[in-house]
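Shown next, in structure tokens, is the structure this report addresses.
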Amino acid sequence: MKALVNTPTGLVVQTVADPAPAPDQALIAVRSFSVNRGELDLLAARTEDWRPGQDIAGVVVEPAADGSGPAAGARVVALAEDSGWAELASVSTARLAELPDTVDIEHAAALPLAGRAALNTLRIGGNLVGKKVLVTGATGGVGQLQVQLAVLAGGEVTAIGRGEAAELLVKYGAGSVVPTVSEANGLFDLVTESIGGESLEAAVTKVAPGGTVVVFGASSRRKASINLYDFIGHEGARLVSYLSYADPSPVNADLRTLADLVAAGSLQPAVGFQAGWDQVDRALDGLRNRSFHGKAVLTIP
């Protein structure tokens with residue numbers, strides 16, 4: 001089969017051996033995959049024939065030998081451990097879910113990492129009905145999903161965004177869209193923070209007493225300066241970290257939840273760039289330069 005392999009000169013398509021699935025793994029013909037911002041750092045660090053790829057969607061060509069998971073021919077979305085940017089991928093059935101007929105494979109590929117992060121950062125905030133939620137980085141792949149899911153959960157959402165992206169966030173149900181955290185009105189029961197630096201510092205000033213700031217990213221690459229006295233007036237508030245690789249929530253259950261919401265028309269996957277997999281370098285450059293909002297989805301013919 002053909003696969004994207006990372007080398008000292010960059011990503012190249014190479015012919016590699018087909019995967020040999022373990023008994024609990026299904027063999028999937030990958031039709032689409034998406035690129036995550038975190039993979040930019042991994043590609044820079046792992047240049048010796050590393051095979052990237054986690055977010056994939058496709059068709060089962062060989063079901064798991066242990067009888068778990070969907071049958072051959074089923075359309076699925078999956079969160080692979082790695083090596084997903086290829087014509088074939090073997091994935092544990094605990095890390096995939098069958099897609100409803102109405103969900104496009106291309107849209108499904110944008111869901112796994114971003115969708116789970118959106119679901120589970122919001123879950124840290126507990127019951128959101130009537131609660132005030134502030135989403136920083138709201139125009140990104142995770143942020144767009146957070147806005148939609150928080151609205152679905154009954155939250156009153158303020159999103160951080162600018163320009164055309166602000167219109168999109170209003171369409172998703174955000175009650176207010178402002179350019180910076182400091183311009184958000186009031187205090188919030190839950191703040192999801194993915195920027196770091198000044199954004200995280202400002203987030204602490206916007207959390208309500210007893211509220212929660214969930215830190216799950218640092219896209220600005222800047223460290224925040226925070227100390228105990230910043231919590232005066234925000235007594236009882238807590239800072240909680242979310243790291244996707246340590247997320248204990250069952251992957252297959254989360255993927256089913258996300259896919260069902262898309263099928264119901266309640267959730268719109270955050271696709272900002274879509275092309276064939278021969279355009280992977282364009283997708284990576286777009287992520288680096290923030291030339292589009294949302295996820296980059298690439299298709300394999």
- [ ] Tell me who clusters with V271, hydrophobic residues only, linked when side chains sit under 4.5 Å apart either directly or through other members.
- [x] V297
Task: P21 to P19 - nearest heavy-atom pair and separation - done: CD-O, 3.4 Å
Task: Under 4.5 Å side-chain linkage, directly or through intermediates, the cluster mates of L88 - done: M1, V5, V16, L27, V61
Task: Cluster overlap V262 with L255, hydrophobic side-chain contacts below 4.5 Å - done: yes
Open item on the list: Does either side chain, that of E193 or that of S199, offer a donor lying less than 3.5 Å from an acceptor on the other one?
Closed with: yes
Open item on the list: Is it the case that the side chain of N127 and the backbone of V129 share a donor-acceptor pair, with hydrogens and angles ignored and the cut-off at 3.5 Å?
Closed with: yes
- [ ] Establish whether V91 and V35 are linked, either directly or via other cluster members, by ILVMFWY side-chain heavy-atom contacts under 4.5 Å.
- [x] yes
Open item on the list: Go through it in stages, so that I can follow the logic: the residues are V157 and Y172, the test is side chain to side chain contact (heavy atoms under 4.5 Å, CB included), and I'd like the CA-CA distance, side-chain angles, deciding distance and then a yes or no.
Closed with: CA-CA 10 Å; V157 178; Y172 287 155; over 6 Å; no
Task: Distance, nearest 0.5 Å, that separates CG of L190 from CZ of R123 - done: 13.5 Å
Task: Residue D101 excluded, over 12 heavy atoms near CG under 6.0 Å - done: no
Open item on the list: What I want to check is whether the side chains of D66 and S68 have a donor and an acceptor closer together than 3.5 Å.
Closed with: yes
Open item on the list: Does atom CD (E198) have a neighbourhood of more than 12 heavy atoms from anything else shown, all under 6.0 Å?
Closed with: no
TODO: Check whether any side-chain N or O of S194 sits under 3.5 Å from a backbone N or O of A218 as a donor-acceptor pair, and report yes or no.
DONE: no
Open item on the list: Between N36 and K295, is there a side-chain heavy-atom distance shorter than 4.5 Å?
Closed with: yes
- [ ] Heavy atoms only: give me the nearest T102-A263 pair and the separation to one decimal.
- [x] OG1-CB, 3.6 Å
- [ ] Answer whether the closest heavy-atom distance between the side chains of L169 and V135 falls below 4.5 Å.
- [x] no
- [ ] May I ask you to decide if L43's main-chain N or O and N6's side chain share a donor-acceptor pair within less than 3.5 Å?
- [x] yes
Task: Side-chain donor/acceptor of D230 to backbone N/O of N227, under 3.5 Å - done: yes
Open item on the list: With rounding to the nearest 0.5 angstrom, report the OG to NZ distance, S182 to K206.
Closed with: 7.0 Å
Open item on the list: Is there a side-chain contact between I124 and R238 in this structure, where contact means two heavy atoms from C-beta onward sitting under 4.5 Å apart?
Closed with: yes
Task: Electrostatic pair D41:R221 at N-O distance under 4.0 angstrom - done: yes
- [ ] Measure from the side-chain N and O atoms of Q148 to the backbone N and O of Q146, and report whether any donor-acceptor pair falls under 3.5 Å.
- [x] no
TODO: Start with the C-alpha distance between L200 and V213, add both sets of side-chain angles, then the distance that settles side chain to side chain contact (heavy atoms under 4.5 Å, CB included), and finish with yes or no.
DONE: CA-CA 9 Å; L200 177 54; V213 179; 4.2 Å; yes
Open item on the list: Using every non-hydrogen atom in the two residues, find where E201 and K223 come nearest and quote the distance to one decimal.
Closed with: OE2-O, 4.2 Å
- [ ] Give, for atom CG of L111 and atom CG of L145, the distance between the pair rounded to the nearest 0.5 Å.
- [x] 7.0 Å
Open item on the list: When you compare the side chain of N185 with that of T158, does any pair of heavy atoms fall below 4.5 Å?
Closed with: no
Task: CD/E164: more than 12 non-hydrogen atoms of other groups inside 6.0 Å - done: no
Open item on the list: Could you measure the distance from the CD atom of E87 to the CD1 atom of I28? Nearest 0.5 Å is fine.
Closed with: 14.5 Å
Open item on the list: Any non-hydrogen side-chain atom of P269 less than 4.5 Å from a side-chain atom of D104?
Closed with: no
Open item on the list: So that I can tick it off, tell me whether D285 and R282 are bridged by a salt bridge, with the cut-off set at under 4.0 angstrom between side-chain N and carboxylate O.
Closed with: no
Task: Atom pair CG/OH of N120 and Y242 - distance to nearest 0.5 Å - done: 5.0 Å
TODO: Would you please classify the geometry between the W277 ring and the F33 ring as parallel, tilted or perpendicular, with 30° and 60° separating the classes?
DONE: perpendicular
Open item on the list: Let me confirm one number: the CG-OG1 distance from L122 to T212, rounded to the nearest 0.5 Å.
Closed with: 11.5 Å
- [ ] Could you pull out the closest heavy-atom pair between E156 and G130, with the gap in Å?
- [x] OE2-O, 3.9 Å
Open item on the list: Keeping R95 on the side-chain end and V251 on the backbone end, is there a donor-acceptor pair under 3.5 Å?
Closed with: no
Open item on the list: Quick check on the hydrophobic clustering: are V142 and L152 connected, directly or via other members, by side-chain heavy-atom contacts under 4.5 Å?
Closed with: yes
Open item on the list: Using a 3.5 Å distance criterion without hydrogens, assess whether the side chain of D55 forms a donor-acceptor pair with backbone atoms of S34.
Closed with: no
- [ ] Please report the C-alpha distance between V215 and L239 in whole Å, then the side-chain angles of each, then the deciding distance to 0.1 Å, and finally whether the side chain to side chain contact (heavy atoms under 4.5 Å, CB included) criterion is met.
- [x] CA-CA 7 Å; V215 182; L239 277 171; 4.1 Å; yes
Task: Heavy-atom pair of closest approach, residues I195 and G137 - done: CD1-CA, 3.8 Å
Open item on the list: Tell me the closest heavy-atom pair linking L96 and A78, and the distance in Å.
Closed with: CB-CB, 3.7 Å
- [ ] Evaluate the side-chain proximity of V30 to W85: yes if any heavy-atom separation is below 4.5 Å, no if none is.
- [x] no
TODO: Could you tell me whether the side chain of R51 and the main chain of D82 form a donor-acceptor pair under 3.5 Å?
DONE: no
TODO: Could you tell me whether a side-chain N or O of S32 sits under 3.5 Å from a main-chain N or O of A57, the two making a donor and an acceptor?
DONE: no
TODO: Answer yes or no: is there a donor N or O on one side and an acceptor on the other, between the side chain of N252 and the main chain of A97, under 3.5 Å?
DONE: no
Task: Contact check, side chains of L134 and V181, non-hydrogen atoms, under 4.5 Å - done: yes
Open item on the list: With side chain to side chain contact (heavy atoms under 4.5 Å, CB included) as the criterion, how do Q144 and Q268 come out once you've worked through the C-alpha distance, each side chain's angles and the decisive distance to 0.1 Å?
Closed with: CA-CA 9 Å; Q144 289 185 41; Q268 176 67 44; over 6 Å; no
- [ ] State, with a plain yes or no, whether a side-chain heavy atom of E106 is found less than 4.5 Å away from one of T299.
- [x] yes
